[in-house]
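Reviewing the structure listed below.
Bear in mind the structure is a predicted one, so any value in this text is a computation, not a measurement.
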Amino acid sequence: MKDAPLRVRSLITILAMTFLVAFPTQAQDEAPREDSGANYLAELHQFRLSNYQSLDAYYRFSANTDPVALNEIVSGVNDANDSMEIIVASELEVLSPEQLDNLNAEFDSFKDLMKENITVVRNSGYPDLRLSAELADQAVVLNNLASELYQIARESGQTDPNERVEAARSAAVTMAQMMAKYSARSNSAVSQAFQGSSSEIALDEQARLFDGMLERVQTGGAEGELKRTLDDIDSKWLFIKGSYINFNERNVSFVIGRYSQGIINGLDQVIALLQSEE
């Protein structure tokens, strides 16, 4: 796909031009990642995950202009940017140039809306509800397209997916979606931002879907480090599950976010451990 006519724009460049600030770039001596079917799926997965993590960070930033959250936004979008570049440069003809064009166009729209929303918050100290809703809607559009293309890649015959790994990836993306949505609801100024997406599944329903995904990850047994990691994920999930199901009750959003990210990190470890057993 090296000849695909795409130019993937880094949010580092976008934000640096807007705010005259510098953000760390990826180390130049990092070893190139393997161009394989398994890696292709891994990068598409990371693309979906990173976009929702940056959205979660935006909602936290919109509440108090926290510079740590701003750096997390930049990190999340640029992780997605790196994944997009790797997918575009791949020699594997898993997705067509047209499909990659469409994904890149929706990603550009997401980045442009993210930049615009950040600018408004920095200039005024609070978010614009219309722009926040547009960003949330665009995140849904982007994720739906990325998920559709991920499924096409899975079924292409070039990627050889592992069912437990796929369940773990689905669980991680679902948790990232839930985390971003909960973050939106926890900030009064943007509490309705996600409500503009009529296709979005309610938090309590997503929590029950996550239960099923976690069960599929655990199918097949586990020993050693894999069992310890799964047990840790279970413990964290039991601690916050009620908050997602009863999302209208008052809860400590910082704790929900921290445990949710811990679950995502744990699922990343599970994926790595499962792949090492293959």
Side-chain angles (χ1 to χ4, degrees), residues 8-24 46-84 106-146 172-197 200 203 206 244 247 252-261 264-265:
V8 184
R9 297 182 292 119
S10 169
L11 197 66
I12 290 175
T13 303
I14 295 171
L15 292 182
M17 292 174 61
T18 306
F19 307 133
L20 301 180
V21 295
F23 295 91
Q46 188 60 49
F47 178 82
R48 295 187 298 167
L49 190 62
S50 297
N51 286 324
Y52 271 107
Q53 289 174 313
S54 66
L55 187 63
D56 164 67
Y58 164 72
Y59 287 126
R60 288 185 278 113
F61 172 75
S62 70
N64 54 23
T65 65
D66 179 10
V68 173
L70 178 59
N71 284 335
E72 289 180 23
I73 297 171
V74 176
S75 177
V77 176
N78 281 302
D79 282 347
N81 210 84
D82 290 343
S83 292
M84 175 68 84
E106 297 297 352
F107 186 37
D108 279 347
S109 295
F110 177 76
K111 287 184 287 188
D112 288 341
L113 280 166
M114 182 67 81
K115 181 195 72 173
E116 191 173 1
N117 273 276
I118 292 171
T119 302
V120 168
V121 173
R122 285 179 64 106
N123 290 343
S124 67
Y126 53 86
D128 179 290
L129 290 182
R130 178 188 61 81
L131 281 175
S132 290
E134 287 183 13
L135 178 63
D137 285 344
Q138 182 59 28
V140 174
V141 170
L142 178 60
N143 179 69
N144 287 347
L145 177 58
V173 171
T174 299
M175 179 55 67
Q177 290 175 312
M178 292 164 62
M179 182 173 68
K181 191 181 299 186
Y182 197 93
S183 184
R185 295 185 63 89
S186 299
N187 297 284
S188 59
V190 293
S191 62
Q192 297 303 312
F194 249 109
Q195 306 313 307
S197 304
E200 275 292 283
L203 273 170
Q206 279 189 306
Y244 278 120
F247 55 85
V252 182
S253 60
F254 169 76
V255 174
I256 306 305
R258 186 179 66 181
Y259 274 70
S260 296
Q261 186 58 54
I264 293 170
N265 294 341

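For the residue pair S132 / Y58, a side-chain donor-acceptor distance below 3.5 Å is found, with atom types taken as modelled.
Residues satisfying the ring-ring contact (aromatic ring centres under 6.0 Å, His included) test with Y259, not counting sequence neighbours, are F239. Listed by chain and residue number, nothing satisfies the side chain to side chain donor-acceptor pair (under 3.5 Å) test with N64 (two or more places apart in sequence, or in another chain). Considering only residues two or more places apart in sequence or on other chains, Y244 meets the ring-ring contact (aromatic ring centres under 6.0 Å, His included) condition with Y182. Judged as a side chain to side chain donor-acceptor pair (under 3.5 Å), and not counting sequence neighbours, the contacts of R60 are D56, E72. In terms of the side-chain contact (heavy atoms from CB on, under 4.5 Å) criterion, residue partners of S75 (sequence neighbours excluded) are, by chain and number, D79. Residues passing the side chain to side chain donor-acceptor pair (under 3.5 Å) test with T174: none are found, sequence neighbours excluded.
Residues I118 and L70 meet the side-chain proximity criterion, which asks for heavy atoms closer than 4.5 Å. For the pair V121 and Y126, the minimum side-chain heavy-atom distance is 4.5 Å or more. Using a 4.5 Å heavy-atom threshold, the side chains of R48 and Y52 count as separate. Contact check for L135 versus M114: side-chain heavy atoms found under the 4.5 Å cut-off. Put simply, the side chain of E134 does not reach to within 4.5 Å of the side chain of E116, judged on heavy atoms.
Within the model, atoms CG of L142 and NZ of K111 stand 10.0 Å from one another, a figure rounded to the nearest 0.5 Å. To the nearest 0.5 angstrom, F254 atom CZ is 12.0 Å from S183 atom OG. A distance of 9.0 Å separates CG in N71 from CG in D66, rounded to the nearest 0.5 Å. Rounded to the nearest 0.5 angstrom, S260 OG and Q53 CD are separated by 11.0 Å. The CE atom of M179 lies 11.0 Å from the CD atom of Q177; values are rounded to the nearest 0.5 Å. Rounding to the nearest 0.5 Å gives a distance of 12.0 Å between OG1 of T119 and CG of D128.
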- Task: Begin from the C-alpha positions of N51 and F107 and carry the test side chain to side chain contact (heavy atoms under 4.5 Å, CB included) through to its verdict.
- Result: CA-CA 9 Å; N51 286 324; F107 186 37; 3.3 Å; yes
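The minimum heavy-atom distance linking A180 with L55 is given by the pair CB-CD2, 4.3 Å. Across every non-hydrogen atom of A172 and I264, the tightest pair is O-CG1, 4.0 Å. S50 and A80 get closest at one heavy-atom pair: CB-N, 3.7 Å.
D112 has no carboxylate O lying under 4.0 Å from a charged side-chain N of K115, or vice versa, which leaves the two without a salt bridge.
Between the N81 side chain and the V77 main chain, no donor and acceptor come within less than 3.5 Å of each other. Between the side chain of Q138 and the backbone N or O of E106, at least one donor-acceptor pair lies under 3.5 Å.
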